[in-house]
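From a predicted model like this one, the values you see are computed outputs, not experimental measurements.
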Amino acid sequence: MLRDILLTAHVFGVIVWLGCGLYEFFLAHEIKKARGSSLEIPLIQLYGKYAPVVAVATLVVAAMGILMSIFLGWGFFQHFWLGLKQLIMLLIIVDMVLLAPTFKLATDQINSLSDDPAILPAYHETFAKIERHVSLMRLGASIAVVLAIFRPA
């Protein structure tokens with residue numbers, strides 16, 4: 001029963017993480033296309049509104065993975081496929097923690113855009129930095145899903 005609950009929460013978290021991450025990917029593309037137009041700020045605000053969902057889903061995936069490793073006896077770094085997933089997740093969480101000030105800055109900038117559109121160039125720099133890291137996180141998540149499905153020895 002515990003396994004089913006943890007695995008369900010873990011898989012649901014992965015679905016939300018990758019689904020929202022894919023949405024963010026397409027939205028980031030639209031933001032770049034809209035640069036300088038009247039659509040840019042509303043698109044940026046939309047991106048900012050849902051970005052926390054991805055962060056929470058990532059933390060849910062990590063937490064459920066840790067709980068499964070502890071309570072289901074899988075351990076840490078004991079099996080190649082699982083250890084690689086755990087390493088990927090560890091790197092993603094460390095990256096998220098290191099980027100926390102940048103995420104906060106982006107949130108503050110997004111919240112200020114309506115009052116002061118002149119901060120757009122500063123936001124563009126912040127967004128570019130975040131997007132480089134988030135792209136790697138999405139890649140890592142995708143690799144982890146492949147590892148979970150195929151479980152190489």
Side-chain angles (χ1 to χ4, degrees), residues 1-35 40 42-113 122-153:
M1 171 102 168
L2 178 63
R3 177 194 178 279
D4 294 340
I5 292 169
L6 294 175
L7 188 57
T8 299
H10 187 71
V11 170
F12 181 73
V14 169
I15 291 167
V16 172
W17 182 21
L18 290 178
C20 287
L22 185 61
Y23 171 74
E24 273 186 342
F25 173 78
F26 289 121
L27 190 54
H29 177 72
E30 293 302 317
I31 290 169
K32 290 172 190 168
K33 279 181 22 182
R35 189 169 278 185
E40 183 179 16
L43 286 171
I44 289 170
Q45 290 169 329
L46 186 63
Y47 185 97
K49 183 177 182 178
Y50 294 104
V53 174
V54 178
V56 170
T58 305
L59 296 175
V60 167
V61 170
M64 293 306 110
I66 290 168
L67 291 173
M68 286 190 295
S69 293
I70 292 170
F71 292 118
L72 303 181
W74 294 348
F76 296 94
F77 307 106
Q78 294 180 5
H79 307 282
F80 175 76
W81 68 274
L82 183 58
L84 201 49
K85 283 178 51 169
Q86 291 167 338
L87 177 62
I88 290 168
M89 199 68 210
L90 177 63
L91 293 173
I92 288 171
I93 296 299
V94 167
D95 198 24
M96 284 179 65
V97 168
L98 293 174
L99 276 177
T102 307
F103 289 141
K104 173 75 169 101
L105 174 62
T107 300
D108 293 344
Q109 290 171 332
I110 289 168
N111 291 336
S112 299
L113 278 174
Y123 174 76
H124 291 151
E125 289 179 30
T126 305
F127 182 74
K129 179 179 181 179
I130 288 172
E131 194 59 25
R132 283 191 301 272
H133 288 265
V134 169
S135 294
L136 291 172
M137 290 179 198
R138 288 184 199 122
L139 177 62
S142 299
I143 291 169
V145 167
V146 169
L147 288 168
I149 292 169
F150 295 105
R151 295 183 182 191

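Residues K104 and D108 are in side-chain contact: their nearest non-hydrogen atoms beyond the backbone lie under 4.5 Å apart. The shortest distance between side-chain heavy atoms of M64 and V11 does not fall below 4.5 Å. Contact annotation: the side chain of W81 never approaches that of F150 to less than 4.5 Å [non-hydrogen atoms, C-beta and beyond]. Under the 4.5 Å side-chain criterion, counting only non-hydrogen atoms from C-beta, T58 is in contact with I93. Inter-residue side-chain proximity for L136 and D95 is flagged as unmet; no heavy-atom pair is nearer than 4.5 Å. Between E40 and H124 the shortest side-chain heavy-atom distance falls below 4.5 Å. Between L99 and M137 there is a side-chain heavy-atom pair separated by less than 4.5 Å. Residues M68 and R3 form no side-chain contact, since every pair of their non-hydrogen atoms from C-beta on lies 4.5 Å or further apart.
In terms of heavy-atom proximity, V60 sits nearest to G13 at CG1-CA, 4.4 Å. Between K85 and A148, the closest heavy-atom pair is NZ-CB, 3.6 Å. The two residues P152 and F80 make their nearest non-hydrogen contact at O-CD2, 3.7 Å. A pairwise comparison of heavy atoms in I88 and G140 identifies CG2-O, 3.4 Å as the closest pair.
The structure places CD1 of I44 at 7.0 Å from CD1 of I110, a figure rounded to the nearest 0.5 Å.
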task = Could you walk me through whether F76 and L82 pass the side-chain contact (heavy atoms from CB on, under 4.5 Å) test, one step at a time?
result = CA-CA 8 Å; F76 296 94; L82 183 58; over 6 Å; no
query = What's the verdict on side-chain contact (heavy atoms from CB on, under 4.5 Å) for I92 and W17, showing C-alpha distance, side-chain angles and the deciding distance?
reply = CA-CA 12 Å; I92 288 171; W17 182 21; 3.7 Å; yes
message = Would F103 and H133 count as a side-chain contact (heavy atoms from CB on, under 4.5 Å) here? Give the steps.
response = CA-CA 11 Å; F103 289 141; H133 288 265; over 6 Å; no
message = Between E24 and H29, does the side-chain hydrogen bond (donor to acceptor under 3.5 Å, both in side chains) criterion hold? Intermediate values first, please.
response = CA-CA 8 Å; E24 273 186 342; H29 177 72; over 6 Å; no
key: Working for side-chain contact (heavy atoms from CB on, under 4.5 Å), residues L46 and Y23   = CA-CA 11 Å; L46 186 63; Y23 171 74; 3.3 Å; yes
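Without hydrogens or angle criteria, Q86 side chain to G75 main chain gives a donor-acceptor distance under 3.5 Å.
Atom OH of Y50 sits in a sparse spot, with 12 or fewer heavy atoms from other residues, nucleotides or ligands closer than 6.0 Å. In the displayed structure, F25 atom CZ is contacted under 6.0 Å by at most 12 heavy atoms of other residues, nucleotides or ligands.
A salt bridge links E131 to R138: at least one charged side-chain nitrogen sits closer than 4.0 Å to a carboxylate oxygen.
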